[in-house]
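We name chains A, B, ... by the order of the sequence lines, and we start the count at 1 in each one.
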Amino acid sequence: MQLSREALQRAYRQMKVIREFEERLHTEIQTGEIAGFTHLYCGQEAVAVGVCEHLDIDDKIVSTHRGHGHCLAKGCELNGMMAEIWGSREGLCKGKGGSMHIADIDKGMLGANGIVGAGAPIAVGAALSAKIDNKGKVAIAFSGDGACNQGTTFEAMNFAVVTQAPCIFVFENNHYSEHTGVDYAVGTARDIASRAEAFGMKVWRADGTDFFAVHDTMREVLDFVRGGGGPAAVEFDTERFFGHFEGDPQRYRAKGEIERIRESRDCLKNFRISVTGAKLLTDADLDQIDQDVLDSIEAAVVAARAADRPTPEDVLSDVYIAY
Amino acid sequence: MQLSREALQRAYRQMKVIREFEERLHTEIQTGEIAGFTHLYCGQEAVAVGVCEHLDIDDKIVSTHRGHGHCLAKGCELNGMMAEIWGSREGLCKGKGGSMHIADIDKGMLGANGIVGAGAPIAVGAALSAKIDNKGKVAIAFSGDGACNQGTTFEAMNFAVVTQAPCIFVFENNHYSEHTGVDYAVGTARDIASRAEAFGMKVWRADGTDFFAVHDTMREVLDFVRGGGGPAAVEFDTERFFGHFEGDPQRYRAKGEIERIRESRDCLKNFRISVTGAKLLTDADLDQIDQDVLDSIEAAVVAARAADRPTPEDVLSDVYIAY
Amino acid sequence: MAQMMYRDAVLTTIAEEMERDSSVVVLGEDVVGGMGTPGGPEAIGGIWSTSTGLFDKFGKDRVIDTPISESAIIGAAAGLALAGKRPIAELMFADFIGVSLDQIWNQTAKFRYMFGGKTKCPVVIRMAYGAGYNAAAQHSQSVHQILTGMPGLKVVMPSTPADVKGLLRQAIRDDDPVIFLEHKALYGMSGEVPEGADQIIPFGHARLARAGEDVTIISSGLLLGFCEAVADKLAAEGIGCDVIDLRTTSPLDEEAIIDSVEVTGRVVVVDEAPPRCGLAADICALIAARAFASLKAPPQAVTPPHTPIPFARELESAYLPSVDKIEAAVRHVLGWR
Amino acid sequence: MAQMMYRDAVLTTIAEEMERDSSVVVLGEDVVGGMGTPGGPEAIGGIWSTSTGLFDKFGKDRVIDTPISESAIIGAAAGLALAGKRPIAELMFADFIGVSLDQIWNQTAKFRYMFGGKTKCPVVIRMAYGAGYNAAAQHSQSVHQILTGMPGLKVVMPSTPADVKGLLRQAIRDDDPVIFLEHKALYGMSGEVPEGADQIIPFGHARLARAGEDVTIISSGLLLGFCEAVADKLAAEGIGCDVIDLRTTSPLDEEAIIDSVEVTGRVVVVDEAPPRCGLAADICALIAARAFASLKAPPQAVTPPHTPIPFARELESAYLPSVDKIEAAVRHVLGWR
Ligand SMILES: Cc1ncc(C[n+]2csc(CCOP(=O)(O)OP(=O)(O)O)c2C)c(N)n1
Ligand SMILES: Cc1ncc(C[n+]2csc(CCOP(=O)(O)OP(=O)(O)O)c2C)c(N)n1
Ligand SMILES: [Mg+2]
Ligand SMILES: [Mg+2]
């Protein structure tokens, strides 16, 4: 916890933005205004932020179907994201991608991805580019506990080891892939990290609901990888507060599970307890951030609603040819 | 080495059939009479035979592009195989498959396969069928050290563990995938078996050029799997005597490597030394088998040459429809 | 006859066939749901509710929930089939043929041929396809055009609950690999479904959804309904349309197509796949080759443009063939002199 | 002009472009060869000898030998491209799109569109395709029909060494993903190749390989040569054939096709892909739609049958379109009244 006051404020703000972004979407989706499939990241904020706070614009990340948190943490603009989810022409992808395909290449955010497991090989490619450029930059592949059973994820890990690509595989184990438990679907003798280790990588594990655990772990990981140690993997144990997708009845949960994790494994709550306890920030400091964030979310929603809608001609642009 | 005289004779004969089949193909291919790609199994005979001697007709195997040895060991008929490689209508697959696609479903041989890594998931399916039937039968997936980097192979291992399919992954590590060394392409911290182990399987390792090591190991493995222990993996260290394909200049080999492995790691030579040394069989016994085998190979070649050729109409059969 | 939803026609047909034939096995992601969770098995029964209750009835050996490993799912289905079972594999979305194509195309489809007729390979691969859900570029695609082009596969695209029943039963009993394409936007469609376990619709027999002598409209899946709407509208003007529901794209009922076009001389083919090397072009070419002398107008295709599928509502609507676009195409060929 | 083999045109173009532009990177299985072996790197330089010497010249960061992991190869290429490089990925055989299709179809091809034009994705995916080697059902396939149908991809099929050079150069400099299909049976073909680093052939411009006014023959790849042979034979009889070498199937030079058919009124499209939803049907449908009034005979397709590719010499020969079959089809359309 050797972070400056500013750094702490920034980290909290980043997590809070993700939280409120998702909570607000959760509400808005009920109205039917938002189209398509939306997977909320709520509960996992400490991972996205604890990882991305170490990165700069030349480091790359590749995300998943549950990508809003990674996007926001990597610096994608809030209004552009909201507008994208609203399917607006002013969205980050002009309304062509939507929730599952938000990308901002200039920010080093190489895309959310609707295909489970597809991101890992792409991250290895970005890491190979960094290796060629030789400036100590890295690429991060975010994957879920479900994605870690997809052949592409395995291929990517071996590929990264063979090519010594500066790639970091971040596994967010939130215990579920859709409606299936990790204990069933990941046959691994021990944990996901051990499987990664068997591919020849150095691995770490930490509590993904604890911002400081994530942040500290990632400092070590990044020192190792930026220093030329080759690829690495980290498994974060975390929690997803909402259903797999919006509308999921969640019959696979234990009774009281959501209340329990919201109570005891909420990264924002625990961050507040830590920093106020250690007198690094006051409740008032954090309350102020909370208010700012809520205001910015409200503004983003208002803007998204008012934003230009795409036109039929837009279908035909951004692709080399239309027959 | 608790095998009966008959069993020893049979094992030697099986290995010798494969050896001479391949040596003869190696010669015949020079003449240009045989079409297509042919990958010779020579050098690895102890694996195919040491594994398949434990199987009966209801156990299934799935093979690779280097499949002749597995086919012969699993009971595919010699003449049918030779005719197939010759592209004859009397071949096991009517000349439609050729070297890379020999199959004999009735013998439990579910196909050689031209796609590296494709066999492992198929073997898991066959094992799931055996699990449903619940008669202690198993399925074997043969894979090379190169195939073990294909996503399908990884998926299959996890899938087998999750479903507790009685599937055995036999990795034949012959140190090369085409022209690339295993030390380069398999990034694994330790060996291939360790990687399989991380998927949650019990694993074994043995010298794949020593028939008795293979056979003894497989007895343990099969006891474990038939007994309901779930899937398992075995890595056999072995040697390929010829090039990757016929015509390979093999510049990747060490100077004198082929002579050395032919000298010291020849499963047939070493088998002979063992069994004659232990006075279980005599040189004369083995010489007799050698002669029988050479005769049967010669007969198979003569028959393949004389066999009916396919006709243009044959293109249109064995598929549901021809537009 | 019972009134039934398209999705329930899938589920009840599978259940009946599993009851009838113990070699029928189901596998796919979340086809049980809840495996390894506090809630336990059957927490979902398939995200399309097309396998609900099967696990309880047939047990874990015959209803296999799988990890997210589509290549292994299809490969395992192929292995089950080679070993004598009749697997029904589910790909949650048709778009996931991307991660499993080898097992579909180079394995399952080719075994019977490559092995010289020595085996059959009775695998059914079910998958939800099509646009209309704003699910964007990776969850909305049509893939029948890709799979129809692959020798060894049969490809089925039911457009009503009754056809689901009859065609899925044939698919399960068929000895060849069958791709069974369920349109996402039709799952909630209700319709009459004939009862009785031998209601089978053989492959390669198109259905005449509307009859008329002025123009032929050919389609399947979601867009078939759009074509029917156009036909109904034109009928009111005294224009008669043959609307042919292909039901299966491979085998293709060439005779039904040619017979109709020989009468009408005018044809519109409506398909949800992209225009290049798609099914619409395939059928237009067939017609041009085999009904050339009867044609009074160029065979006309109505398809989406050659672009990925966009997300926003306005964009997806503009992307998809609509009733208006189909009507315009029909009027175009009718007006051709 | 230099005399050069098709395979050497591939190699020299890659080498020249790597020299010119340091962002060009090569990756694939055995593109170096000998990695991790006693023989050491450069033991092979690609099984088609299309990357020999590149490793020595450009080093291991830019010439990346890979494990047998095709999804990772294409995915890594996509990631390299998003990060600003210009990767050239090699799939040893086109059939291996089966194990990597998602990364081609759902990733590489769609990024630019899905991301609202925010990125380019300059990936070249080279692959050896086609029959003629008795390599059987999994190592002989044509895949251009599959990939041409996928929006976002450009698809190139050179049929001469000169075209390899000009088209590959364009492919490497293009900002969109390009599928570059090299016919296995053409690697040993020799031909004149213009010199100079700006010999570029833009995409979407067909080549008129033979000119004549009686019939149009359209093809590409290996079969183009067969079509030329037919044209030459017929020329001796005073029959003039336009032989159009498509060069790229997406974008397609629709104008060259239509212009020719408007003159000849008779057309044969010859393609190595299976018949259903293939390129031949695609082009016949285009012609039927756009040159309807000019057609004097039904547009005729010559393709293999709808079967997997068989192994035996006799079978593969019977499977492939031959000079005789093409000639028969041309005479058929010429004789149509
Ligand atoms: C290749 C593929 N298979 C299946 C799906 C459907 N699907 C979307 S998310 C998901 C679960 C992913 O689980 P996990 O990786 O743990 O991520 P989480 O949802 O928990 O964030 C599945 C099965 C998909 N999108 N892509
Ligand atoms: C998916 C796929 N990729 C690449 C190839 C080309 N190929 C054929 S065999 C081979 C090497 C396989 O190595 P290994 O698994 O070690 O088997 P071995 O040849 O040593 O028996 C390769 C790369 C292929 N057939 N299929
Ligand atoms: Mg998860
Ligand atoms: Mg090997």
Checking [X] against chain C: side chain, backbone, both or neither under 4.5 Å from a heavy atom?
| X | value |
| --- | --- |
| K94(A) | backbone |
| Y176(A) | side chain |
| D248(A) | neither |
| E257(A) | side chain |
| T311(A) | backbone |

Among [options], residue most engaged with chain C (heavy-atom pairs, under 4.5 Å):
| options | answer |
| --- | --- |
| P310(A), A147(A), P312(A), C148(A) | P310(A) |
| R253(A), E313(A), R309(A) | R309(A) |
| K255(A), Q150(A), E84(A) | Q150(A) |
| A254(A), A118(A), A35(A) | A35(A) |

Check the side chains of [Y] and [X] for a donor-acceptor pair under 3.5 angstrom, ignoring hydrogens and angles.
| X | Y | answer |
| --- | --- | --- |
| Q44(A) | N174(A) | yes |
| Y187(C) | E182(C) | yes |
| R240(A) | H175(A) | no |

Contacts with chain A made by residues 101-111 of chain C (heavy-atom distance under 4.5 Å), listed by residue number: none
Going by the angle between their ring planes, with limits at 30° and 60°, are [X] and [Y] parallel, tilted or perpendicular?
| X | Y | value |
| --- | --- | --- |
| H179(A) | Y252(A) | perpendicular |
| F142(A) | H70(A) | parallel |
| H332(C) | W336(C) | perpendicular |

Within a strict 4.5 Å, meaning less than it, do heavy atoms of the T180(A) and T37(C) side chains meet?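 No; the side chains remain at least 4.5 Å from each other.
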Pairwise side-chain contact, E22(A) with H68(A), heavy-atom cut-off 4.5 Å (strictly under): yes
Using a strict cut-off of less than 4.0 Å between a Lys/Arg side-chain nitrogen and an Asp/Glu carboxylate oxygen, indicate whether R265(A) and D207(A) qualify as a salt bridge. yes
Would you call E235(A) and R205(A) a salt bridge, taking side-chain N to carboxylate O under 4.0 Å as the test?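 R205(A) and E235(A): not salt-bridged.
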How many angstroms lie between CG in L80(C) and CD1 in I64(C), if you round to the nearest 0.5 Å?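 Rounded to the nearest 0.5 Å, the CG-CD1 separation comes out at 6.0 Å.
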With rounding to the nearest 0.5 angstrom, report the OG1 to CD distance, T31(A) to E28(A).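 The OG1 atom of T31(A) sits 5.5 Å away from the CD atom of E28(A).
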Run through D271(C), L222(C), V302(C) and flag the one making a side chain to side chain contact (heavy atoms under 4.5 Å, CB included) with P321(C). V302(C)
R262(A) to F242(A), cation-pi by 6.0 Å centre distance and 45° axis angle: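 So R262(A) does make the cation-pi contact.
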Do any of residues 86-93 of chain A have a heavy atom less than 4.5 Å from a heavy atom of chain C, and if so, which, in residue order?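 At a heavy-atom separation under 4.5 Å, chain C is reached by G87(A).
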Given heavy-atom pairs under 4.5 angstrom as the criterion, report whether the side chain, backbone, both or neither of S69(C) touches chain A.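 Interface part for S69(C): both.
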Contact origin within P274(C) toward chain A - heavy atom pairs under 4.5 Å: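 Neither part, no heavy atoms under 4.5 Å.
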Report the C-alpha separation of K96(A) and D314(A) in whole Å, then their side-chain angles, then the decisive distance to 0.1 Å, and conclude whether the salt bridge (charged side-chain N to carboxylate O under 4.0 Å, His left out) test is met. CA-CA 9 Å; K96(A) 288 183 174 172; D314(A) 291 336; over 6 Å; no
Return the option, out of E42(C), E316(C), E29(C), R313(C), with the maximum number of heavy-atom pairs under 4.5 Å with chain A.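 Of the options given, most contacts go to R313(C).
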